[in-house]
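As the structure lists them, so they are numbered: ligands from 1, and atoms in each ligand from 1.
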Amino acid sequence: MRALIVGYGRMGKEVEKLLHARSHSVAMRIDPREAADAPSLDAAHVGLSDVAIDFSHPAGVWNNIQFYLRQGLPAVIGTTGWEANREEARQLCEKSGGSLLWGNNFSIGAHLFFFLAGEAARLIEHLPDYDIAVWEAHHNKKADSPSGTALTTAQRILDNLSRKKHLLTTASEGVISPDALHVASVRVGSEPGLHEVILDSPQDQISLRHHARGRQGFAQGAVLAAEWLLGKKGFFRVEDFIQDRYFSPKE
Ligand SMILES: NC(=O)c1ccc[n+]([C@@H]2O[C@H](COP(=O)([O-])OP(=O)(O)OC[C@H]3O[C@@H](n4cnc5c(N)ncnc54)[C@H](O)[C@@H]3O)[C@@H](O)[C@H]2O)c1
C-alpha cells in the first residue's frame with residue numbers, strides 16, 4: 001500500500017513508523033509547516049498513492065476531505081473537529097462513489113474497552129448491588145474535560161444500564177443522585193490517558209482499566225483501517241472497521 005501522509009505532526013510521524021513496520025510505503029508527506037515533501041495537496045499526488053491518512057488540523061480537514069472525494073482517493077480521516085461537515089461529507093462520498101473512513105479514536109484497545117464497559121453495564125442490569133462510575137486521568141495540557149474517550153465510555157454504560165439516566169461530570173454537590181453516572185477527571189503531569197470503569201458492591205470492587213502507552217495505538221489503528229478500506233466504497237466510521245475486522249465472528 002502506498003500512503004499519502006497528510007499532516008506530518010505528532011500523529012503523522014507515528015503513522016509513518018507504523019506504515020514502514022507493516023511494509024507499506026509512504027508516497028508523500030504533506031504539511032504546510034513541518035519539513036515534508038509538499039506544503040499542500042495537489043492532484044499530481046493522487047496517482048502516486050493508494051490511500052491518504054489525514055491527521056492534520058480541524059481548520060483544513062474539510063477542504064482535504066473534499067479533495068479526496070473529488071479525486072477518488074480513498075482516505076482515512078483521524079483529524080477531529082469537522083462534525084459540522086459530516087453529513088455533507090457523507091452525501092458527497094455517496095454521490096461520488098468514494099471511499100472514506102473517519103473516527104475520533106483509532107485505538108483498537110479503546111474500542112475493546114468501550115465494548116467491555118457496555119457489557120459490564122449490561123451484566124449488572126439485574127445486579128442492583130453494583131454501582132458504577134468512570135474516571136479518567138490525562139496530562140495537564142489537555143484542553144477538554146472529561147475526555148472524549150470517557151464520554152464515549154459513559155454513553156455505552158447509559159445505553160446498557162437503565163438505572164443510570166444522566167452523567168455527572170463535575171464534583172457532586174452533596175449526595176450523588178442514584179440515577180447519575182459519575183464521570184470524574186484528573187489532570188496531572190504527562191499522563192497519556194488512563195480510563196477506568198469501577199463496579200462497586202458492598203462485597204467487592206471490580207475495575208476495568210484502559211491505559212494508553214502513547215500515540216502508537218492511534219497510528220496502528222489508522223494504518224490497519226487503511227488496509228481494510230482498500231477496495232471498499234462507502235462512508236465508514238472506525239467502528240464499522242473494528243466491528244467487521246475483529247468483533248464479528250468469521251469462519
Ligand atoms: N482519531 C484519533 O484517534 C486521533 C488521535 C490523535 C490525534 N487526533 C487528531 O489528529 C489531529 C492531529 O493531531 P496531532 O497530535 O498530530 O497534531 P499536530 O499539531 O502534532 O500535527 C498536525 C499537523 O498538521 C499540519 N497541518 C495543518 N493544516 C494542514 C493541512 N491543511 N494539510 C496538511 N497538514 C496540515 C500542521 O502543520 C501539523 O504539523 C488533531 O485533530 C487531533 O485531534 C486524532
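Residue contact check: G7 has heavy atoms under 4.0 Å from atoms 24 (O), 33 (C), 34 (N) of ligand 1. Close approach to E34 involves these atoms of ligand 1, each under 4.0 Å from a residue heavy atom: 39 (O). Listed by number with element, the atoms of ligand 1 under 4.0 Å from a non-hydrogen atom of R33 are 36 (C), 37 (O).
Shown here for Q243 and S248, the closest heavy-atom pair between the two residues is O-OG, 2.7 Å. Of all non-hydrogen atoms in L208 and A120, the two that sit nearest each other are CD1-CB, 4.0 Å. Of all non-hydrogen atoms in P58 and T80, the two that sit nearest each other are CG-O, 3.4 Å. Across S162 and K165, no two heavy atoms sit closer than the pair O-NZ, 2.7 Å. Closest heavy-atom contact between L19 and V26: CD1-CG2, 4.0 Å. In terms of heavy atoms, G221 sits closest to F241 at O-CE2, 3.9 Å.
Residue contacts with ligand 1: D31 is placed with a nitrogen or oxygen under 3.5 Å of a nitrogen or oxygen of the ligand (distance criterion only). Polar contact with ligand 1: present for R215 (N/O pair, distance under 3.5 Å). Close N/O approach between F218 and ligand 1 is not found [any backbone or side-chain N/O within under 3.5 Å]. Close N/O approach between T80 and ligand 1 is found [any backbone or side-chain N/O within under 3.5 Å]. Between P32 and ligand 1, no pair of N/O atoms sits closer than 3.5 Å. Residue V6 places no N or O, backbone or side chain, under 3.5 Å from any N or O of ligand 1. On a distance-only criterion, Y8 and ligand 1 share no N/O pair closer than 3.5 Å. Taking distance alone, with nitrogen or oxygen atoms compared against 3.5 Å, H57 stays at or beyond that limit from ligand 1.
Closest heavy-atom approach to atom 32 (N) of ligand 1 within the set I30, V238, N64: this belongs to N64. Of all the listed residues (G78, G217, G12, G60), G78 holds the heavy atom that lies closest to atom 8 (N) of ligand 1. Nearest to atom 30 (C) of ligand 1 by heavy atom, out of A35, A225, S56, A38, is S56.
Ligand 1 lies within reach of G103, whose nearest heavy atom is under 4.0 Å from it. Residue contacts with ligand 1 leave out E14, since none of its heavy atoms falls under 4.0 Å from the ligand.
Ranking protein heavy atoms by distance to atom 2 (C) of ligand 1, first place goes to N104 O, 3.4 Å. Taking atom 6 (C) of ligand 1 as the reference point, the nearest protein heavy-atom neighbour is M11 CG, 3.6 Å. Nearest protein heavy-atom neighbour of atom 17 (O) of ligand 1: R10 NH2, 3.9 Å.
Looking at K13, R10, R29 one by one, the single match for salt bridge (Lys or Arg N to Asp or Glu O under 4.0 Å) with E34 turns out to be K13.
Of the possible donor and acceptor atoms, none in the side chain of S172 sits under 3.5 Å from a partner among the backbone N and O of L168.
Scored by the salt bridge (charged side-chain N to carboxylate O under 4.0 Å, His left out) test, K142 finds D144 as partners (sequence neighbours excluded).
Ring centers of W228 and F236: under 6.0 Å apart, within the cut-off.
Under the 30°/60° scheme for interplanar angles, the aromatic rings of H210 and H195 are found to be tilted.
Contact check for R209 versus L194: side-chain heavy atoms found under the 4.5 Å cut-off.
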